[in-house]
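Here the structure is laid out as structure tokens; the discussion comes afterwards.
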2 protein chains.
Amino acid sequence: MDFSIGELAKRTGVKVPTIRYYEKEGLLDAPLRTQGNQRRYRAQDLDRLGFIRHCRDLGLPMPAIRDLIDLGQHPDKPCREADRIAATQLQSVRERIAHLRKLEAELERITASCKGGHTVTDCNVLKAFGDHSLCRDEHAAPTKA
Amino acid sequence: MDFSIGELAKRTGVKVPTIRYYEKEGLLDAPLRTQGNQRRYRAQDLDRLGFIRHCRDLGLPMPAIRDLIDLGQHPDKPCREADRIAATQLQSVRERIAHLRKLEAELERITASCKGGHTVTDCNVLKAFGDHSLCRDEHAAPTKA
DNA sequence: CTTGAACCTCTAGTCGCTATAGGGATTACA
DNA sequence: TGTAATCCCTATAGCGACTAGAGGTTCAAG
Ligand SMILES: [Zn+2]
Ligand SMILES: [Zn+2]
Ligand SMILES: [Zn+2]
Ligand SMILES: [Zn+2]
């Protein structure tokens, strides 16, 4: 019925210190304890931790996961908030892809700029790294709004 | 000839605390000081900071930038190391893009799973967030080697 | 009952900055 | 020369999501 934190870790693939961290951050409820102060979990904790893990694997930040857990406990609330979280995350992922694609293009150009010389002086890679005017596009990190 | 840290910040777009941080981390040489202990920079520092900024805008981690700066100061060294840094960064960017594309696909599916009901119970978004078996693909974060 | 694995709390480190506090220096202008 | 505004200094703490370690306690198997 009840199981230890190590057991929970084994069943979910989440490391033990991470589980304790999630509890401290309020994503997992504080479980019951043995007389010797060790945590004992139940099936519902397994579900909750699986939910958290999957959300993390989708890249959601912890505040968003907290909000989703809240929603799951108030099933009569409107679903707008959950939808908005999904849409926001999708947008954020797309922005990151767009940014990385610019970096990819410039890095392709830079790696190609090695002219086969043997020394740093002969090679244009270092110049390409240092000189943005050689770049085709802007590629600075977006201001994380 | 010489200019203050604020002036350097203005000319490069790098914030003042960031400049001090780069100095502490050994990317920028410690500049001369006024009698009142304020930093005074010269043209070569401007170049160096520009180089650093551009590398950061290309996503390079600071150790790689340190290595590139070292190479720039020993122009007779072989260029292999610079080429390797560029190739490594390109590969890393491509892996991140591949990962984010998987997230994008799953998040598209999740946002589309809102069936138009008004409450959390009616809406499938929360279920989709919690249940990886509904996903088409693996999408866990790659172990950052 | 003894052993050894697993558990506990607490602290600090990761990365690349950014923000704040509490002071001192420089500069411009009267 | 006085003074006020603006700049600069150091040192420390915080961000996010963990991870690693120290130093000590409890549990379960034999
Ligand atoms: Zn080369
Ligand atoms: Zn560039
Ligand atoms: Zn919905
Ligand atoms: Zn999934």
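Throughout, protein chains are lettered first and strands after them, A, B, ... in sequence-line order, and every chain is numbered starting at 1. We use all heavy atoms of the structure for the numbers below, so side chains are in, but hydrogens, waters and symmetry mates are not.
Following rounding to the nearest Å, A/I5 (CD1) and C/dC8 (C1') show an atom-to-atom distance of 10 Å. When rounded to the nearest whole Å, the span between CZ of B/F3 and P of C/dT27 equals 15 Å. Per the geometry, CD1 belonging to B/I19 stands 15 Å off C1' belonging to C/dG16, to the nearest Å.
B/R53 is listed as a side-chain neighbour of B/R56, based on a closest heavy-atom distance under 4.5 Å.
Residues forming a salt bridge (charged side-chain N to carboxylate O under 4.0 Å, His left out) with B/R80 (at least two apart in sequence, or on another chain): none. Applying the ring pair (Phe, Tyr, Trp, His ring centres under 6.0 Å) criterion to A/H139, with sequence neighbours excluded, gives A/H132, B/H54. With sequence neighbours left out, A/R109 forms a side-chain hydrogen bond (donor to acceptor under 3.5 Å, both in side chains) with A/E106. Applying the side-chain hydrogen bond (donor to acceptor under 3.5 Å, both in side chains) rule to A/R20 yields no partners; only residues at least two apart in sequence or on another chain are considered.
Every pair tested for side-chain hydrogen bond (donor to acceptor under 3.5 Å, both in side chains) that includes a residue from residues 59-72 of chain A fails, sequence neighbours excluded, so the list is empty. Under the ring-ring contact (aromatic ring centres under 6.0 Å, His included) criterion, no residue pair touches residues 5-45 of chain A, with sequence neighbours excluded. Evaluation of the ring-ring contact (aromatic ring centres under 6.0 Å, His included) test over residues 55-86 of chain A, restricted to residues two or more places apart or in two chains, returns none.
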So which protein N/O to nucleotides 17-20 of chain C N/O distances come out below 3.5 Å?
from	atom 1	to	atom 2	distance (Å)
C/dC17	OP2	B/Y22	OH	2.7
C/dC17	OP2	B/R56	NE	2.6
C/dT18	OP2	B/T18	OG1	2.9

Distance-only donor-acceptor hits, side chain of residues 42-52 of chain A, under 3.5 Å, sequence neighbours excluded:
from	atom 1	to	atom 2	distance (Å)
A/D45	OD2	A/R42	N	2.9
A/R48	NH1	A/L27	O	2.7

Which donor-acceptor pairs under 3.5 Å do the side chains of residues 11-19 of chain A make with protein atoms, sequence neighbours left out?
from	atom 1	to	atom 2	distance (Å)
A/R11	NE	A/E7	OE2	3.1
A/T12	OG1	A/L8	O	2.8
A/T12	OG1	A/V14	N	3.2

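Using a 4.0 Å cut-off on heavy atoms, the residues of residues 33-48 of chain A that approach DNA chain D are A/T34, A/G36, A/Q38, listed by number.
Bracketed by its first and final contacts, the part of DNA chain D lying under 4.0 Å from non-hydrogen atoms of chain A reaches from D/dA17 to D/dC27 in 5' to 3' order.
Comparing A/G59 and B/E7 by the nucleotide of DNA chain D that holds the closest heavy atom to each, the one mapping nearer the 5' end is B/E7.
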